[in-house]
Number of protein chains: 2
Amino acid sequence: MAELSTTSDVPVATIKYYLREKLLPAGESETANQARYGSTHLDRLRLIRALIDVGGLSVVSARSVLRAIDSDASLPETFAVAQRSVSVPIASGDLDPADLDRIDELLVGWHVSPDNPGRLASARVLSAFRGVGQTDDRGWFARYAEAALLIATADLDEIESRPDRAAKAETVVVGTVLGDALISGLRRAAQEHITSQRFS
Amino acid sequence: MAELSTTSDVPVATIKYYLREKLLPAGESETANQARYGSTHLDRLRLIRALIDVGGLSVVSARSVLRAIDSDASLPETFAVAQRSVSVPIASGDLDPADLDRIDELLVGWHVSPDNPGRLASARVLSAFRGVGQTDDRGWFARYAEAALLIATADLDEIESRPDRAAKAETVVVGTVLGDALISGLRRAAQEHITSQRFS
DNA sequence: GCATACGGATAGTATAGCTATCCGATAGCG
DNA sequence: CGCTATCGGATAGCTATACTATCCGTATGC
């Protein structure tokens with residue numbers, strides 16, 4: 001365990017915490033006070049840190065996506081789990097139906113279920129925009145939707161390129177969780193680029 | 001204050017907390033135990049809730065972006081504040097220079113300063129991808145960068161459409177903070193759409 | 001004249017994510 | 001064989017955040 005800690009750069013106490021929280025499977029005990037951790041443990045630990053540190057997942061969310069990877073759920077099911085774990089749950093009753101309508105209007109031709117976390121989250125953002133006095137943002141949102149379609153297509157292409165179900169499932173989770181961080185990072189870089197282009 | 005609480009649906013105790021934390025300016029005291037809150041206070045309160053609830057900002061981050069809106073800082077400066085407040089700070093020393101190189105390679109032709117939070121965040125995501133054994137993701141990342149450019153262009157167009165500096169600054173902040181929530185929401189909807197397209 | 005409501009100050013609460021200490025067992029060393 | 005250091009596991013403690021609840025003196029309005 002000490003070795004796992006040094007190679008992964010995660011404190012021993014934290015590893016113990018992840019074991020307790022069932023994020024990490026226990027090593028196989030060799031004697032009563034020695035356990036063996038192999039490369040699978042190291043890989044899993046790195047995945048955990050990526051999800052939590054970079055993706056910003058909570059420990060409970062991380063656990064549920066890890067379970068989804070380990071299960072034999074279908075890809076769409078794994079996607080659903082991954083999506084729910086990165087989204088704050090929103091009850092559709094809390095939303096103004098008019099906001100949902102406007103989102104659906106934006107997404108015409110898309111096949112999206114009514115309780116898709118992204119659909120609800122988008123409606124909530126729209127409502128917040130309205131609350132702040134931001135209006136006439138239809139064009140803005142439409143361009144976001146176009147970009148989202150590009151990204152999702154890239155995501156699915158990447159997932160399909162993976163060899164087997166296990167690898168595909170992991171890419172679904174990693175892509176969903178880290179993809180959010182990636183797109184916002186690149187967006188900030190692009191914002192600075194365009195800003196400097198227009199302000200000089 | 002009770003009125004402000006009912007119209008905004010924010011508990012009185014929470015409003016007091018925001019006053020204490022200097023997110024909300026104090027109402028003008030009329031007598032020793034009465035204060036007057038106007039529509040500016042209501043607007044500000046709604047903005048605070050949008051930033052915190054929908055945008056996921058911490059109270060301290062919210063305070064710093066509100067200060068940026070109220071200041072007479074230039075738009076690029078306001079952008080920088082907004083970007084820093086939505087990003088977890090990353091020291092460039094913690095990153096593998098090779099990851100930064102690969103991001104810079106992706107961003108050729110872009111005018112981005114070395115300490116742009118998005119550039120650093122993207123490098124960190126790249127490093128996390130590598131750590132979980134995800135490779136050959138150059139094409140994937142490039143498509144993300146393309147989408148980011150589309151989004152940033154839409155952002156800047158929207159900002160420029162605003163009448164004056166104050167409105168522009170508010171759109172910078174609101175757009176930066178809520179835009180992240182919007183794009184990830186739309187991405188999830190698009191993922192479901194493309195998935196169902198390909199799996200049926 | 002007095003219950004009620006006000007704003008401000010202060011203290012308390014809940015949760016999350018670690019982190020530190022204690023404990024008995026055992027491995028290595030001489 | 002003895003002794004110290006280290007192991008894994010269990011438990012308790014810590015820190016930060018975002019509220020939330022109570023108390024208090026003042027003042028309003030019926």
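A, B, ... follow the sequence lines: proteins, then strands. Residue 1 opens every chain. What you are looking at is a predicted structure, and each value in this text was computed from that prediction instead of being measured.
Of the charged side-chain nitrogens involved, none lies within less than 4.0 Å of a carboxylate oxygen, so that D53(B) and R124(A) do not count as a salt-bridged pair.
Shown here are the ring pair (Phe, Tyr, Trp, His ring centres under 6.0 Å) partners of F129(A), two or more places apart in sequence or in another chain: W140(A), F141(A).
Within residues 60-69 of chain B, no residue is approached by DNA chain C to less than 4.0 Å at the level of any non-hydrogen atom.
Look at CG on L51(A): it is 18 Å from P on dA16(C), rounded to the nearest Å. Atoms CD (E21(B)) and P (dA18(D)) sit 9 Å apart, rounded to a whole Å. M1(A) places its CE atom 14 Å from the P atom of dT19(C), with the value rounded to the nearest Å. Spacing between atom CG of L24(B) and atom P of dG7(C) amounts to 12 Å, rounded to whole angstrom units. Whole-Å rounding puts the I15(A) CD1 to dG9(D) P distance at 12 Å. Rounded to whole Å, the distance from CG on L19(A) to P on dC7(D) is 15 Å. At whole-Å resolution of the value, CZ in R36(B) and P in dA27(D) are 19 Å apart.
Within the structure, ring-ring contact (aromatic ring centres under 6.0 Å, His included) pairs that include any residue of residues 32-69 of chain B comprise Y37(B)-H41(B) (at least two apart or interchain). Annotation: ring-ring contact (aromatic ring centres under 6.0 Å, His included) contacts involving residues 172-191 of chain B, sequence neighbours excluded, are absent. Among residue pairs with one or both ends in residues 151-170 of chain A, none qualify as ring-ring contact (aromatic ring centres under 6.0 Å, His included); sequence neighbours excluded. Among residues at least two apart or in separate chains, ring-ring contact (aromatic ring centres under 6.0 Å, His included) pairs with a member in residues 154-193 of chain A are H193(A)-W110(B).
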If you look only at distance, which donor and acceptor atoms sit under 3.5 Å apart when one is on a side chain in residues 15-26 of chain A and the other is two or more places apart or in another chain?
from, atom 1, to, atom 2, distance (Å)
Y18(A), OH, R49(A), NH1, 3.2
E21(A), OE1, R63(A), NH1, 3.4

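Membership of the apolar cluster around L100(A) extends to I90(A), L95(A), L120(A), as traced through chained side-chain contacts below 4.5 Å between ILVMFWY residues.
Checking E192(B) against S113(A) by side-chain atom types alone, a donor-acceptor pair falls below 3.5 Å.
When the nucleotides dC7(D), dC19(D), dC6(C) are ranked by their closest atom to the side chain of A2(A), dC7(D) comes out on top.
A sub-4.0 Å separation between OP1 or OP2 of dC19(D) and a side-chain N or O of Y18(B) is present.
Between G27(B) and S58(A), the residue anchored nearer the 5' end of DNA chain C, judged by the nucleotide with its closest heavy atom, is G27(B). Mapping Q34(B) and I52(B) onto DNA chain D via the closest heavy atom, the residue that lands nearer the 5' end is I52(B).
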If you restrict it to nitrogen or oxygen atoms, what contacts under 3.5 Å exist between nucleotides 20-23 of chain D and the protein, and what is each distance?
from, atom 1, to, atom 2, distance (Å)
dT20(D), OP2, T14(B), OG1, 3.4
dT20(D), O4, R20(B), NH2, 2.9

